[in-house]
Every structure is written in C-alpha cells, then in structure tokens.
Amino acid sequence: MSEARTTTTPPEVDRVAASRAAVAARRARAAVKAGIAAGTRSPLDVLRAAYEDPEGVEGRLRVTEFLVSIPAIGQTKCTRIMDELQISPSKRLGGLGRLQRRRLRDFVADWVADHGGIGDRLVVLAGPTAVGKGTVAGYIRTHHPEVRLSVSATTRAPRPGEVEGESYFFVDDAQFDRMIAAGELLEWAVVHNAHRYGTPRRPVEEAIAAGDSVLLEIDIQGARSVRREMPDATLVFLLPPSWEELVRRLVGRGTETAAEQQRRLETAKVELAAVDEFDHQVVNVEVGEAAQKVVDLMRPRKGRRHAALRQDLPRTDGAPQS
Ligand code: 5GP
C-alpha cells in the first residue's frame with residue numbers, strides 16, 4: 001500500500017519561510033555590495049569567499065553586480081570587462097569555471113593594485129616542509145633582482161654560510177618578544193615546534209607603498225596570518241611533484257635526524273591539506289621553472305593585463321573564439 005503523495009504548492013508556512021530566507025539572502029548580498037562600494041570590504045576577499053563557498057552569500061552574487069559595486073566601474077565598463085573576461089552576464093561568482101575564476105581574480109587583483117591597494121604586490125610563497133621553498137626563493141633572489149624578498153627575523157642560530165640581514169635577522173628571544181610587543185612583525189610563528197620566525201612589517205609596507213613587489217617565503221601558519229592581516233595578498237602554495245618525492249627530498253638533504261624527519265613528514269601531511277586555502281599552486285619539478293611561475297604571478301603593473309587577456313586565454317563557455 002502506498003501513501004498518496006501530493007505535489008501541489010507547499011504549505012503557506014513553508015512559502016513564508018522561503019520568502020523570508022530569500023529576502024534575508026538579498027539583504028546579505030546588498031550588504032556585501034555596499035561594503036565593496038564603501039571600501040570596507042576588499043573585492044579580492046569577496047571573490048575568495050565566493051570561490052570557497054559557491055552557494056554562500058558571496059557565491060550567489062552575480063558577476064555583473066559584483067563588478068559594478070567596485071568604485072569607478074560603471075555599467076559600460078562592466079560590459080566591456082565581462083566581454084574581455086569572456087564571462088556571460090547571467091553568471092554568478094560561485095558558478096564560474098576554473099579559468100573564468102582565474103581571469104576574474106587576476107583582473108580584480110590588477111584593479112586593486114592600480115587603485116592603490118596591495119593586489120599582487122604582496123606574494124606569499126608557502127608549502128609543506130622540504131618542498132623547496134627556500135631553494136625557489138633563493139633562485140628568485142639571484143635571478144630576479146627586481147623582486148624584493150622579505151628578510152625574516154628568527155630565534156634560531158645561523159647555519160654555516162648564512163649572512164645576518166640577508167638570510168635572516170638573527171635575534172634572541174628577548175629581542176623577538178620586543179619586536180612582537182612593538183607591533184614590528186606582520187606575522188610570526190613557531191615553526192617545527194622549535195624556533196620563532198617573523199616577517200618585519202616596515203620593509204613590506206615600504207616596498208608596497210613604493211609600487212614594488214615583495215615576496216615572503218614563510219610557513220603555512222604565517223601565510224594564514226598574512227591573509228588575516230592583508231586579505232589582498234596573493235598566496236602561492238608550492239607543491240612537490242609527488243609525496244614520494246617529498247619524502248626523498250626531506251631524507252636526502254640529511255640536515256635532520258631520523259626522528260626529526262619523521263616529525264616533519266607528519267607535519268607535511270597536515271600542511272599539504274592546506275592547499276585549497278591558497279590562490280595559486282605551483283608544482284616544484286624544476287627550480288628555475290617553479291621560480292618563473294612564482295615571478296609571473298607578481299605581475300608588473302599597468303598595461304599588461306588586458307593585452308594578456310585578449311591574447312591567449314581559451315574560452316571555456318563554448319562561445320566561439322573571436
Ligand atoms: P629554516 O630554519 O630552514 O630556514 O626555515 C624553517 C621554516 O621557517 C621554513 O618553512 C620557512 O618557510 C619558515 N619561515 C622562514 N621565515 C619565516 C617567517 O618570517 N615567518 C614564518 N611564519 N615562517 C618563516
């Protein structure tokens with residue numbers, strides 16, 4: 001015996017609840033737009049929230065609504081941008097494909113940078129232990145002098161060959177405490193349960209103010225802190241080609257004891273799970289190539305973006321190539 005099912009309109013009480021929820025969602029979206037327009041909410045932060053939760057408030061925003069809420073982008077400019085980015089006007093932020101997401105983010109990062117914000121000027125390179133962050137950063141230091149590398153403060157002792165003020169600022173615990181208390185550090189963390197490492201704030205702020213790009217090579221906790229402090233920063237995650245390769249690199253460099261290696265591998269597993277929190281991923285197969293990819297993300301200002309958009313990005317929406 002089957003129960004009779006009705007497919008008629010939902011009961012009054014459900015309809016009332018649904019329409020209340022719709023009104024609340026509309027209000028929440030309006031608040032996001034108002035925040036962008038007033039400059040209290042970074043458009044990059046809104047994009048990040050939308051990409052993370054496509055069905056959330058930000059994710060349900062139409063791309064067009066999002067764009068016109070950015071100061072100085074009116075309807076005409078919006079239409080042109082949508083055209084250049086090859087996104088159809090009906091799309092919502094959460095409904096964009098991978099390439100469209102990337103194009104929109106790149107565009108917005110450029111816009112933010114061109115309007116006095118951080119945009120892609122502050123790039124954080126993080127990744128699991130032994131993935132080769134230090135090597136990639138070192139390569140960038142040597143081959144890309146136009147990129148400013150932040151020099152961290154640390155409480156660990158210098159290793160042979162390390163130079164004060166170049167490799168690190170080597171400080172003792174009391175000095176590190178003083179730097180924290182004085183607000184001199186943009187972020188800091190205890191790394192590998194051992195020593196404290198932190199990014200001096202002033203050089204980073206000065207470089208950004210001067211229009212330069214700065215690269216921070218720090219651990220994942222530090223990357224998270226930078227995101228909280230400066231939501232516009234670009235976070236890059238360096239990945240190993242495979243787990244086996246990561247193990248090989250960690251064991252192969254022979255700088256840690258067996259117990260320490262084991263501990264770092266456990267940490268690496270947890271760290272790898274953070275990859276989705278980052279804006280970009282770069283696989284470190286070959287150091288020069290990985291370094292180039294990171295440098296390419298630190299795009300030079302002005303002029304480049306639109307030309308690049310027109311040139312080589314394939315359409316993903318099935319529309320004919322123009
Ligand atoms: P090492 O002692 O091998 O030079 O560095 C150990 C770890 O500390 C690396 O993973 C490096 O990314 C991280 N690290 C270096 N400087 C900083 C910093 O300023 N802040 C944070 N959070 N981590 C850092």
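Both counts, for ligands and for their atoms, begin at 1 and track the order of listing. Just so you know, these numbers come straight off a predicted model, no measurement behind them.
The existence of a salt bridge linking D232 and R121 is excluded, since no basic side-chain nitrogen approaches an acidic carboxylate oxygen closer than 4.0 Å. Between D279 and R48 a salt bridge is recorded (basic side-chain N to carboxylate O distance below 4.0 Å). For D296 and K293, the salt-bridge test fails: no basic side-chain N is under 4.0 Å from an acidic carboxylate O. The residues R202 and E205 are annotated as not salt-bridged, no charged nitrogen and carboxylate oxygen being separated by less than 4.0 angstrom.
Within 4.0 Å of ligand 1, contacts by protein heavy atoms are made from K133, S152, R156, R159, Y168, E187, A189, V191, Y197, G198, T199, E217, I218, D219, G222.
Taking the six-membered ring for Trp and thresholds of 30 and 60 degrees, H144 and Y139 have ring planes inclined between 30 and 60 degrees apart.
In this model, no donor atom of one side chain and acceptor atom of the other lie less than 3.5 Å apart for S152 and T154.
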